[in-house]
Structure formats: structure tokens, C-alpha cells
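Written out below as C-alpha cells is the structure these notes cover.
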Amino acid sequence: VGLAASYKVIGSMYAYKGEYAKSAEFRYLALHIYEKIADSLKLNEVKMGLGDNYLEQNDYPKAISLFSSALEYFENKKDSTNLSAAHTSLAAVYQHSNDVPNALEHAKRAVEIQRELNDEFGLPSALNSLAITYMRNKEFNLAYPLLQETDNRETKMAQALMRNLTVLME
């Protein structure tokens, strides 16, 4: 398990550097270990990372396959946080491939889940994803309120962080 986690982290580091082939190499090593030990949660987290790799390389069919597989798992496990992330990731793939109806479907579902969770950190990302989809579809009147809400929420989070830092520094 420790080796798989290390491979997963190394894969993430390479992805962060933009070295997606090297990232995929390590993520697939992690994936195979998680398959062997039947750790479905970690397996699907790695699938999400691999989906990101393929999205960045414009290999949309592979990204969709990986994100959809993870989405199905998270849906069955009622893992709302990861389910929302999978919807947001699928929305991004469909945005990039100019499939607006599917992008809207997944972005709206991610926002819906984040609102149900009242996730102050995840909701701005989901709102932004939906706003981007509307903007790509030239529906600026629908995007603008979402961007305003995102800005308001992020401003409140930043203010709370500053208050906490001020208390720590006293």
C-alpha cells in the first residue's frame, strides 16, 4: 500500500510539472497495485488522476472513460465529494471537446451536489466550471451570477483565512 501511495504522489508531481507521460507511468503502477489489493477507493482516485493526464493531452475519449468509471464507483458508494469532483472533471472534458449539453449536465450536477454538501471549498470550483460552460456557449447572462457567487464565496474564505492567520501571529 505504501508503494502504491508513493507511486500516486510521484505521478501527481510529474503531472504538476507537465510531464504527463511520466505521470501516467507512475499512476498506472499505483493503479495496478490498488487493483491487486482491491482498494477500490484508491483505484478510482488514481483513475481521476489519469483522467486529468489525458485531459491535459487532449485525449478526450480516454479521459471520459476514466472519469466515467470513477463517477460510477463514487455514485454507487454514495461518495458525494468525489462524485462531485468526477462530474466537474467530466464537465471540463466536455467543455474542451465542445460538447456543451454534456458539459452543462455534469457541471450542473456538480453544483447541485456541492450545494447539498454545503461544501465551502468545493462549491466555488463547481460554480466556476458551470460558469465557464455557459460562457463557452455565449450565455453570459447565466455565467455572470455564478461568477459573482464564486467571487463572494472565495472572498469570504480569504477573509476567514486572514483572520485565522492574524490570531496565530498574535
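Small disclaimer: the values here were computed from a predicted structure and weren't measured.
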If only atom types and distance count, is the side chain of S23 paired as donor or acceptor with the main-chain N or O of E19 below 3.5 Å?
no
Audit row: N82, N44, side-chain contact (heavy atoms from CB on, under 4.5 Å) steps and yes/no
CA-CA 9 Å; N82 281 320; N44 283 286; over 6 Å; no
Apply side-chain contact (heavy atoms from CB on, under 4.5 Å) to residues E56 and H96 and explain how you reach the verdict.
CA-CA 10 Å; E56 291 297 326; H96 287 278; over 6 Å; no
Kindly work out whether a path of hydrophobic side-chain contacts (I/L/V/M/F/W/Y, heavy atoms less than 4.5 Å apart) joins Y14 to L3.
yes
Exercise: identify the closest heavy-atom pair between A63 and G51:
CB-O, 3.5 Å
Would you compute the distance between atom NZ of K156 and atom CD of E120 and round it to the nearest 0.5 angstrom?
8.0 Å
Transitive ILVMFWY side-chain link V111 to L146, under 4.5 Å:
yes
Residues R115 and E112 bridged, charged N to O under 4.0 Å
no
Rounded to the nearest 0.5 Å, how far does NZ of K47 lie from OH of Y73?
10.0 Å
Any Q95 side-chain heavy atom under 4.5 Å of M135 side chain
no
Between F26 and M48, is there a shared hydrophobic cluster once you connect ILVMFWY residues whose side-chain heavy atoms come closer than 4.5 Å?
no
Closest heavy-atom contact between P124 and D119?
CD-O, 4.3 Å
Could you report the tightest heavy-atom contact between F74 and E45, atom names first, then the distance?
CZ-N, 4.3 Å
Drop me the distance from L130's CG to L147's CG, to the nearest 0.5 angstrom.
9.5 Å
Paired with Q114, the side chain to side chain contact (heavy atoms under 4.5 Å, CB included) test is passed by just one of S125, S84, S80, namely S84
Where do L83 and L71 land on the side-chain contact (heavy atoms from CB on, under 4.5 Å) test, with the steps shown first?
CA-CA 6 Å; L83 180 61; L71 182 139; 3.7 Å; yes
Closest non-hydrogen atom pair, A4 against A30:
O-CB, 3.4 Å
When clusters are formed by joining ILVMFWY residues with side-chain heavy atoms under 4.5 Å apart, either directly or through shared neighbours, do L142 and L123 land in the same one?
yes
Which value, rounded to the nearest 0.5 Å, describes the distance between Y16 atom OH and D52 atom CG?
14.5 Å
Restricting to non-hydrogen atoms, name the atom on A15 and the atom on N53 that form the minimum distance, rounded to 0.1 Å.
CB-OD1, 3.8 Å
Student check: side-chain heavy atoms of Y28 and L31 closer than 4.5 Å:
yes
Close side-chain approach of S40 and K77, heavy atoms under 4.5 Å
no
Where do E139 and N141 land on the side-chain contact (heavy atoms from CB on, under 4.5 Å) test, with the steps shown first?
CA-CA 6 Å; E139 296 179 89; N141 59 321; 4.2 Å; yes
Mind checking whether F67 and Y54 sit in one hydrophobic cluster, side chains of I, L, V, M, F, W, Y counted as touching below 4.5 Å?
no
Parallel, tilted or perpendicular, judged at 30° and 60°: which one describes the rings of H106 and Y94?
parallel
S65 backbone acceptor or donor facing S69 side chain under 3.5 Å:
no
Quick check: do S12 and I10 have side-chain heavy atoms less than 4.5 Å from each other?
no
I'd like to know whether OH of Y144 has more than 12 heavy-atom contacts from other residues, nucleotides or ligands below 6.0 angstrom.
no
Any sub-3.5 Å donor-acceptor pair from R109's side-chain atoms to H87's backbone N or O?
no
Flag the pair E149 and R153 as a salt bridge only when some basic side-chain nitrogen lies within less than 4.0 angstrom of an acidic carboxylate oxygen.
yes
Rounded to the nearest 0.5 Å, how far does CD1 of I64 lie from OG of S89?
11.5 Å
Measuring from atom CG of L127 to atom CG of D151, what distance do you get when rounded to the nearest 0.5 angstrom?
11.5 Å
Of the non-hydrogen atoms in T150 and N128, which two are nearest, and what is the gap between them?
OG1-N, 3.8 Å
Do E105 and N102 have side chains that get closer than 4.5 Å, going by heavy atoms?
yes
For residues N58 and Y60, is any side-chain donor paired with an opposing acceptor at under 3.5 Å?
yes
For E72, does the CD atom have more than 12 heavy-atom neighbours from other residues, nucleotides or ligands under 6.0 Å away?
no
When you measure from the side chain of S6 to the backbone N and O of G2, does any donor-acceptor pair fall under 3.5 Å?
yes
